[in-house]
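FYI, side chains are in, hydrogens and waters are out, and symmetry mates aren't considered; it's all heavy atoms of this structure. In what follows, chains carry the letters A, B, and so on, assigned in the order in which the sequence lines appear, proteins first and then strands, with residues in each chain numbered from 1.
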Number of protein chains: 2
Amino acid sequence: MVQSATARRLEASGPGAEKRRREILGAASRLFRARGLHATGMREIAAALGMTAGNLYYYFPSKQDLLAYCQEETLGQLLDLARGGASGPRRTPDQRLRDLIEGHVTVLNEATPGSLAHLEVNEVAAARRASLLARRRSYETAIRRLIDAGVAAGTFRPVDSRLATLALLGALNWTVKWFQPDGRKSATEVGREFADLLLRGLLSGAPKHARAAGSPAAAAKRHERPGATSFNGSLSKRERGGSNGA
Amino acid sequence: MVQSATARRLEASGPGAEKRRREILGAASRLFRARGLHATGMREIAAALGMTAGNLYYYFPSKQDLLAYCQEETLGQLLDLARGGASGPRRTPDQRLRDLIEGHVTVLNEATPGSLAHLEVNEVAAARRASLLARRRSYETAIRRLIDAGVAAGTFRPVDSRLATLALLGALNWTVKWFQPDGRKSATEVGREFADLLLRGLLSGAPKHARAAGSPAAAAKRHERPGATSFNGSLSKRERGGSNGA
DNA sequence: AGAGAATTTGAACCGTGGTTCAAAGCGCGA
DNA sequence: TCGCGCTTTGAACCACGGTTCAAATTCTCT
């Protein structure tokens, strides 16, 4: 009960310590994202920086903390983004939302230090999760308010801002699953197109939208798929790892 | 080298076997989704059905297979959906896309047996992953073609159909992260609103969109956040599990 | 009832991976 | 150069969880 103050002072007090921590965080983040959270071991993270597994524990108390800090980092950047747009002079909600979308994609896919998204939030322990969720909620609220403002101003159609926010965030966060730095488009470009897509939608001219007459989810009702996926197919037991593409 | 044909016949040949497998698959799927793939152990899945861990191996050769089958199942339903819409008489691309969106959300969030999305694809071993990725690609292509068709017909604005598909799928797949069966809206309702949102976008009237004059991602450049997240905060070591909310 | 197959059990095996720790290195001021 | 903290090491610890297996139980058909 008294070890906290004393025992903890022993760890990482030097000048380069903070920088070192950034490096570790960076490597961890990169690996988490590339190979998955559970697939990356502490030894692996350490090896990526030419150091030893046990040495990591001189800078971070646990893997959990590594993950938590990654998320805090990213979340911090996103919140900065949201706040930054808010402080600007008089900009319309749609302009601000555009920038936010573009920035979001950029932060998630190009930012160097901690690029791990909200993904895997439930992997962090309860105590830390609470803080993360609170900040995430804050970010989501910011977006939602922006949409509400747009609706109030008449710029946006009257929509369920909660759902719209969720749809928006889904599209944006999902980018980490497929975006490739050496792909044909930069993160910022993707962000720009996404903004356009989400704000203007797909439809072109005056919507001659007749409510789909057919049965919408009727096809989904075919649950009884006879022998669709036979279980007795060839099953190669055991097989591990390998490189994972996008 | 000769065990395959012989040894495997010993497993699960009875009449109720197939039904049993469905049950297992269902429980696994439910748990995977609720507590996360790695958080759910075989013993847990077994316990959920009142059986024993080792008993599962009488029906499935490995946890990997459990996961793979879950994904195959879901993917199969989605492909059915895509094909179903295609076979219909003369329906416009936007109508078909609407239905597909609605169906997608429904399948992912209400379907009983295997509701695990494309998520976690890289968790399955190489051999099986290949098949899954192929089918997933097939599904994505179907959507993309739908969009292309819509563009060709003039119903949709000229967009990068690849990006549009990705944005769409992101929004849809992300629903599994927040959707709650006992929430205020059913999966189908959510799907319907999403369809509307994605097809029509947020903007209302004639877009008086002046290209955002300000610096778009300028705020994102603030990487040097001074002491924003101090690392020396209180760090509670060790802490495990706990219930995870959405 | 009884034989043989289908199913289930429970305990043990075992690799993996997060974590700890005492014993070195290393750097720098005195 | 000596000493003293900051760092790093490497090996070992240990629990967790997927998996195996031989024995026990249940089911079914005659």
Exercise for the section: Say whether Asn55(B) and Arg20(B), considering side chains only, have a donor N or O and an acceptor N or O under 3.5 Å apart. Expected result: no
Exercise for the section: Ignoring backbone atoms, test whether Asn55(A) places a side-chain nitrogen or oxygen under 4.0 Å from the OP1 or OP2 oxygen of dT9(D). Expected result: yes
Fill in the blank from the handout: Residues passing the side-chain contact (heavy atoms from CB on, under 4.5 Å) test with Ser186(B), sequence neighbours excluded, are Glu110(B), Thr188(B), Glu189(B)
Problem - Nearest heavy atoms of Lys63(A) and His38(A), plus distance in Å - result: NZ-CA, 4.3 Å
Exercise for the section: Only counting residues at least two apart or in another chain, list the ones meeting side-chain contact (heavy atoms from CB on, under 4.5 Å) with Leu56(A). Expected result: Ile24(A), Met42(A), Ile45(A), Ala46(A), Met51(A)
Practice task
Report yes if at least one side-chain N or O of Arg21(A) is closer than 4.0 Å to OP1 or OP2 of dT7(D); otherwise report no.
Solution key: no
Problem - Strand contacts (DNA chain D) in residues 44-54 of chain A, 4.0 angstrom heavy-atom criterion - result: Met51(A), Thr52(A), Gly54(A)
Practice task
May I ask you to evaluate whether Tyr57(B) reaches the phosphate of dT20(D), defined as a side-chain N or O under 4.0 Å from OP1 or OP2?
Solution key: no
Exercise for the section: Tell me whether the OP1 or OP2 atom of dT8(C) has a side-chain N or O from Tyr59(B) closer than 4.0 Å. Expected result: yes
Problem - N/O (side chain, Tyr58(A)) to phosphate O (OP1/OP2, dT7(D)) under 4.0 Å - result: yes
Problem - Centroid-centroid under 6.0 Å between Tyr139(A) and His104(A) rings - result: yes
Problem - Length of the line joining Arg43(A):CZ and dA11(D):P, which is rounded to integer Å - result: 12 Å
